[in-house]
Colleague: 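I am attaching a structure below and will ask some questions about it afterwards.
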Amino acid sequence: MNTTDRQDRGPLHVTGELLASRRIGAHHHLTVVAPGIAERFRPGTFVAVSTGAERLARRAFWIHRVKQTGGYGATLELVVEARGPGTAWLVRQPPGTKVELTGPLGRAFSLPQEPVSCVLVGEGYAAAPMFPLAERLRERDCSITLVVAGADEAHLLSALEARRSARAVTVVTGDGSVGQKGSVADVIGDVLTRARAAVVYAAGPAPTLHAVAVAAESAGAWSQVALERPLTCATGLCQGCAVPVAGEGGHARLVRACFDGPVFRGDRVVWDQLDGHGEAPR
Amino acid sequence: MSLELTCPVMVASGCGGTGRELAGYTDLTTLGGFVTRSITVAPRPGGSHPRILETPSGLVHAVDLQNPGIDQFLALELPWLVQQGVRVFVSMVGRSLGEYAELARRLGRTPGIAGIEVNLSAPDATGGGVFDVREPFHAASVVAAVHRDLPRGLPVLAKLRSDLVRVAESARAVLEAGADAVVVGNALPAAMPDGRPAGLSGPAIRPLALRCLTEVLDASPEATVIASGGIMTVNDARAALDLGAVGVQIGTALLQDPTTAGRLVTGLGEDQA
């Protein structure tokens, strides 16, 4: 990690502007003008947003899309599930609201050098980074299989768009309202075998990521998981989001989800020491 | 021997990462000082999760002094800060007077640091095995032990707890024991919802921290005092400086906005111009 690299591609703290807020199912899709952040985006990175002066913890959101919006330059699309006071505040704000945001934060997904078969798994709002990732992988002639999961239809992110992005799509819902009834853990083994996957990328709750990492290991595929931990500063300052990873000599060492992650190799995370699956500030 | 700050704004211990994380948002060389997280003799893995929770206008935290230990710190974290020309104050905390003395000996031999901050106030130390300094007499013996093993001329800051009842007495005791300045104060003792010992920081504690500052300044008008506790804005910093503090430490504010220290440097700089 050299300094120039950090300066050119490192995160920025900017005052952005909310351009649009649309409710789709259980999620809100926010379009935000954030000068400089969109240009530096790589799939797997995220932004941290302030939600008012009296709420001190940042709220972290995956970047779903970066697009050109007439007159505004590049904008970000964030997927927000309103589950607490900060996110509830954010989705209530009208277009034109100024928001303090920092990004793109964290380590992005690594892309394969060769055109290999890739399986992409996204559960709930965390499926957001899988769509721009699929685009980058397609540019490299990788064959793409998508697994989109959610508690129910309302929590499935962009399942229609998924069919355009991938060669094969598996939809899983907890209540069976769309696609197969069940969880990612129920289907991932078969999907990896059928796709003859070399790499699997996943984002979602920790238990889902754990299941994907285990399945990848037995299928002989590499796994990269984007891990969401309860965090406070999102910039690597506070040590609030420690993740145990396998270190030298079999001892786990602690790294930060926000700064050293959020993307980790699934076989490096010490899943049984990942304590307190507490909720991130929402 | 006294503390000269080139700029009144300092980064508070435990809120600036290793420095590298903050450097992208603020030029660290413009700060009066960068205080490292508290370093111990042996590495500490830190507390269980959740470690930090949001409360109204505050953060409650039980990171429990996670740090890589003095060896790793000297090998991997300090050299970069020194190389960048940052005025580094190394914060230290020990389980015994012997450990404080050992840390002082190691740091006293290390070139490039601007000073030492003795953490006499870790809010989540109960059960963490940290030397108990709630009695001013004990705080003074820590400062004396550190002072004895440091080369002359290296400033020693003593960071006290914002304990309104004892803070003025503690300040007097540590100054007599050789501290060059006192920092008032650290997070308030608090608890996580599950009862684990924790600290409370942020604007929620600012009025109380300010009262502790005035108590210390009233009792020791000659003392060099740095204010800390919930400072978020240029106006907050001005209030503390107007009361007689020579500097301010910024902590929680950086977690909400990593550019805060830089903005305060600029804002307070305009005051002086």
Colleague: Any side-chain heavy atom of B:Pro193 sitting closer than 4.5 Å to one from B:Leu53?
Modeller: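 Result yes, sub-4.5 Å side-chain heavy-atom pair found.
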Colleague: Between A:Leu101 and chain B, which part of the residue has a heavy atom less than 4.5 Å away: side chain, backbone, both or neither?
Modeller: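 Contact with chain B involves no heavy atom of A:Leu101 at all.
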Colleague: With chain A as the partner chain, list the residues of residues 68-75 of chain B whose heavy atoms fall under 4.5 Å from it, by residue number, and write 'none' if nothing qualifies.
Modeller: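 Residues qualifying by a heavy atom under 4.5 Å from chain A are absent, so none.
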Colleague: Under 3.5 Å, is there a donor-acceptor pair linking the side chains of A:Thr15 and A:Glu100?
Modeller: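 A donor-acceptor contact under 3.5 Å links the two side chains.
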Colleague: Determine all donor-acceptor pairs shorter than 3.5 Å in which one atom belongs to a side chain in residues 44-53 of chain A; sequence neighbours excluded.
Modeller:
| unit_1 | atom_1 | unit_2 | atom_2 | d |
| --- | --- | --- | --- | --- |
| A:Thr45 | OG1 | A:Arg42 | O | 2.7 |
| A:Ser50 | OG | A:Arg58 | NE | 3.0 |
| A:Ser50 | OG | A:Arg58 | NH2 | 3.4 |
| A:Thr51 | OG1 | A:Arg55 | NE | 3.3 |

Colleague: Mind checking whether B:Glu77 and B:Thr36 have side chains closer than 4.5 Å, heavy atoms only?
Modeller: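 Side-chain contact under 4.5 Å: no.
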Colleague: Identify which part of A:Arg253 has an atom lying under 4.5 Å from any heavy atom of chain B, answering side chain, backbone, both or neither.
Modeller: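 No part of it gets close to chain B.
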Colleague: May I have the step-by-step check of side chain to side chain contact (heavy atoms under 4.5 Å, CB included) for B:Met92 and B:Arg106, ending in yes or no?
Modeller: CA-CA 11 Å; B:Met92 58 152 83; B:Arg106 299 284 303 275; over 6 Å; no
Colleague: Given that the side chain runs from C-beta out, which part of B:Ser48 has a heavy atom under 4.5 Å from chain A: side chain, backbone, both or neither?
Modeller: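 Both backbone and side chain.
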Colleague: Between B:Thr55, B:Asp257, B:Thr259, which residue shows the highest count of heavy-atom pairs closer than 4.5 Å to chain A?
Modeller: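 It is B:Asp257.
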Colleague: Compute whether any side-chain donor of one residue and acceptor of the other, for B:Asn67 and B:Thr40, lie under 3.5 angstrom apart.
Modeller: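 There is such a pair (donor and acceptor under 3.5 Å, judged by atom type) between the side chains of B:Asn67 and B:Thr40.
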Colleague: B:His61 and B:Arg51: side chain to side chain contact (heavy atoms under 4.5 Å, CB included), yes or no, with the steps?
Modeller: CA-CA 6 Å; B:His61 43 91; B:Arg51 288 179 163 189; over 6 Å; no
Colleague: Is the shortest side-chain heavy-atom distance between A:Phe264 and A:Leu209 below 4.5 Å?
Modeller: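 When only atoms from C-beta onward are counted, A:Leu209 and A:Phe264 do not touch, as no gap falls below 4.5 Å.
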